Amino acid sequence: MTAHGGTPTLASWYDDQGPAADVLHVGELPDPVPGPGEVGVRVTVSGVNPGDTKKRRGWLGSSMPFPRVIPHSDSAGVIDAVGAGVDVHRVGQRVWVYGAQSYRAFGTAAQYTVVPDHQAAPLPDHLSDELGASLGIPGITAHRTVFADGPADGQLVLVHGVLGGVGSLAAQLAHWAGATVIATVRRTADLDRVDPAVAHAIALDTGEPAAAIRSYAPRGVDRIIEVALSDNADLDNAVAAQGAVIAAYATRADRTEIPFWPLLFNNVTLRLLGSDDFPAEAKRQAARDLTAAAAVGALTVDVRDRYPLDQITKAHDHVDTGGVHGRILVTVPQ
């Protein structure tokens, strides 16, 4: 086994849940060492996702899963240590990391993190650390929404919230896979920000969004990627093709109502997606496909703001406030 240098690691952590300013600390912690089947990664950029800040806040009554948590699941960096059973030639490899703080205590808001070998995916040299740190949670969720029900080639795919972290990557992945992508944004003013991967974009503040979607999909859409099921259930029902799939990864009402009988008669599948518990092989396939798509220029991300690690509180507050599009990243000193 190769090992870290033994110096303490600069990291952010919390020992209690609550507002970022009250619970997030920045300081030195013992340098992590990879165990069997694990790699140690020197982190350059750490991605902040809504799920990270929800865990910190205790969203939906969740409790501290460990006495101390280093937040964030996503990052980019370089492997500089490997545990037993891992190819030593991985040392020095640029990687993007996913799932670092999924059922694990110590995430990527630190100079070093340790993850299972397969959760550090090779990052091609021509791709940026910022892109790599933006792929994990949103990219794997997006991949599952697009591909959980089979190949997307030739499908009509409707992506709601296409300017969001998951929606933007879902649209790009669907286009990369051969689908025709229709997408929605909330406001007409946002239409000029839609990715070229989208063939047709519709603003939900227009009078008849269902009619607009149907004008591009007369027989209905095959797959609907849904960020707000409670808001869009009736619209989705109005545009779903026979046998369509609604792949929902978020809603705004905990007890969401759906038009049950019309969806039933249309034989619609409602697939609910929680990223921490996707099948392991689905995550691995997502990582392979995300890397492949990014390598050929099929994926881009909009980075909204970057904060140094010692300003992680501001980064979390930015994510908690919401209402803005683009990724929030934390840069880690080397």
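Computed from a predicted model, the values in this text were never measured in an experiment.
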Other than Val43, what residues sit in its cluster of Ile, Leu, Val, Met, Phe, Trp and Tyr side chains whose heavy atoms are under 4.5 Å apart, directly or through others?
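Traced through the cluster, Val43 reaches Val332.
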Heavy-atom neighbours of Glu281 CD exceed 12 at 6.0 Å:
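More than 12 within 6.0 Å, yes.
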If the condition is ring pair (Phe, Tyr, Trp, His ring centres under 6.0 Å), which residues does His160 pass it with, not counting sequence neighbours?
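His160: no ring pair (Phe, Tyr, Trp, His ring centres under 6.0 Å) contacts found.
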Apply ring pair (Phe, Tyr, Trp, His ring centres under 6.0 Å) to Phe106 and list each qualifying residue two or more places apart in sequence or on a separate chain.
none
Just by distance, no angles: are the side chains of [X] and [Y] close enough, under 3.5 Å, to form a donor-acceptor pair?
X      : Y      : answer
Gln101 : Asp52  : no
Ser102 : Ser73  : no
Asp74  : Asn49  : yes
Ser75  : Thr108 : no
Trp59  : Thr53  : no

Find out whether the Lys NZ or Arg CZ of Arg144 is both under 6.0 angstrom from the six-membered ring centre of Phe278 and within 45° of the ring's axis.
yes
Would you call the rings of His318 and Tyr307 parallel, tilted or perpendicular if under 30° counts as parallel and over 60° as perpendicular?
perpendicular
Heavy-atom distance under 4.5 Å between the side chains of Pro67 and Asp15, does that happen here?
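Contact flag for Pro67/Asp15 side chains = no.
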Partner of Leu299 under side-chain contact (heavy atoms from CB on, under 4.5 Å), chosen from Thr291, Leu169, Asp195:
Leu169
Quickly, which of Arg104, Lys55, Lys54, Lys283 forms a salt bridge (Lys or Arg N to Asp or Glu O under 4.0 Å) with Asp276? Name it, please.
Lys55
